[in-house]
Amino acid sequence: MTDLSHHGDAELADGLVDLAVNVRADAPPAWLRAVLHASVDAAASYPDPAPARAAVAAAHGRPEDEVLLAAGAAEVFVLVARALRPRLAAVVHPSFTEPEVALRAAGHPVTRVQLRGDDGWRLDPTAVPEDADLVVLGNPTNPTSVLHPADAVAALARPGRVLVVDEAFADTVPGEPASLAARRDLPGVLVVRSLTKTWGLAGLRVGYALGPAALIARLAAQQPHWPVSTPALAALAACSTPAARAEAEAAAHDLETWRATLLADLPPSVVVEGSPRSSFVLLRVPDGLRVREELRRCGWAVRRGDTFPGLTGDHLRVAVRRPEVSLPFAAALTDVVRAAPTPEEVP
Ligand SMILES: Cc1ncc(COP(=O)(O)O)c(C=O)c1O
């Protein structure tokens with residue numbers, strides 16, 4: 001089943017613990033909520049993007065004309081699809097599906113570059129068609145949680161091609177070792193970032209892109225006037241300070257510990273796909289569709305895998321949470337997997 005518009009939020013329901021959506025926090029931190037509340041007081045005026053653009057540019061060591069502020073990473077994918085006229089767009093899968101949805105909606109030919117689980121979901125740059133003049137991939141990748149080395153991603157950049165690197169989860173990895181956000185030497189690279197995940201801001205709709213000034217200008221030309229609201233701009237400025245970035249870095253370190261705790265407690269019949277590096281893990285669970293349903297009955301929502309091109313009903317994506325949540329989840333999963341009917345019991 002490949003419903004490209006299915007996302008983790010569709011898995012949620014009252015009474016279920018959310019391990020389906022990869023947003024770190026239930027709510028933005030108190031200091032950020034205070035910034036947002038204050039910005040609402042200033043909302044009578046039209047938004048002024050200048051301070052936020054300057055803050056984002058400074059955080060990534062780039063000139064301001066290489067920064068595009070947007071209503072989330074999702075908007076950037078639509079802008080790319082509307083602004084560019086690719087002869088052939090290549091999308092690396094499995095990955096977040098909205099870029100492909102946006103490209104298809106704009107009528108562009110899309111080819112899928114399918115990475116393989118038996119290869120650890122490793123990026124093989126030679127698998128991307130040479131004639132693709134638009135290439136999209138995620139790093140770290142949703143849903144595999146694999147972090148491709150910067151060199152492998154950079155190898156896809158070339159003159160005459162736009163390379164979109166979805167780094168919505170880059171700040172979940174301590175030190176962001178594979179990020180291309182500061183790389184100005186590579187041709188045509190557009191790095192897409194989001195405040196959604198680390199700052200608990202999915203509902204605010206706020207993100208940005210970094211790339212060559214001419215490309216940024218083409219994308220901006222597709223935006224309406226005032227595309228980013230005053231609260232979203234306030235969040236962008238506040239989350240780009242050294243102190244906020246240090247907080248995100250500390251959170252990324254916590255995530256590493258929490259992820260190790262979760263993985264250590266999974267039942268032996270559950271396979272962890274690839275080498276997870278982000279705030280979620282991709283599991284292969286025998287009889288995954290039934291297991292997912294059983295987990296829901298026990299109060300746990302996990303993200304089905306079979307809507308991602310290249311994955312199956314046995315793939316479940318699970319958000320990394322604090323051990324107080326992860327450990328009871330691992331125990332529930334162990335019980336559900338253990339309760340699987342034996343082949344003789346299956347009618
Ligand atoms: C890999 C990836 N990129 C981008 C997004 C969308 O981010 P935003 O909320 O900034 O639009 C998501 C949301 O699930 C995602 O998983």
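For ligands, and for the atoms within them, numbers begin at 1 and follow the listed sequence. Residue numbers run from 1 in the order of the sequence given. Computation of the quantities below employed the complete heavy-atom set of this structure, encompassing side-chain atoms and omitting hydrogens, waters and symmetry-equivalent molecules.
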Just wondering, are more than 12 heavy atoms of other shown residues or ligands nearer than 6.0 Å to CG in Asp118?
->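 Enclosed: over 12 neighbouring heavy atoms sit under 6.0 Å from CG of Asp118.
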What do you reckon, is CZ of Arg82 surrounded by more than 12 foreign heavy atoms closer than 6.0 Å?
-> no
Qualifying residue for side chain to side chain contact (heavy atoms under 4.5 Å, CB included) with Arg292, from Val285, Asp314, Val302 =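 Only one option passes, and that is Val302.
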Short list, please: which atoms of ligand 1 are under 4.0 Å from a heavy atom of [X]?
{"X": "Ala168", "answer": "2 (C), 3 (N), 4 (C)"}
{"X": "Thr196", "answer": "8 (P), 9 (O), 10 (O)"}
{"X": "Asp166", "answer": "1 (C), 2 (C), 3 (N), 4 (C)"}

Hey, is [X] touching ligand 1 through its side chain, its backbone, both or neither, going by heavy atoms under 4.0 Å?
{"X": "Ala74", "result": "both"}
{"X": "Lys197", "result": "side chain"}
{"X": "Arg205", "result": "side chain"}

Between Glu11 and Arg317, is a salt bridge (Lys or Arg N to Asp or Glu O under 4.0 Å) present by the stated rule, with each step listed?
-> CA-CA 11 Å; Glu11 311 264 357; Arg317 194 194 68 195; over 6 Å; no
For the side chain of Glu167 and the backbone of Leu180, is there at least one donor-acceptor N/O pair under 3.5 Å apart?
->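 A pair under 3.5 Å: yes.
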Quick check: does any side chain N or O of Arg62 sit under 3.5 Å from a backbone N or O of Ala181, one acting as donor and the other as acceptor?
->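 Present.
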Protein contact to atom 16 (O) of ligand 1 [nearest heavy atom, distance to 0.1 Å] | Asn142 ND2, 2.8 Å
From the options Gly207, Gly72, Ala73, Ala71, select the one whose nearest heavy atom is closest to atom 7 (O) of ligand 1.
->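 Selected option, by shortest heavy-atom distance: Ala73.
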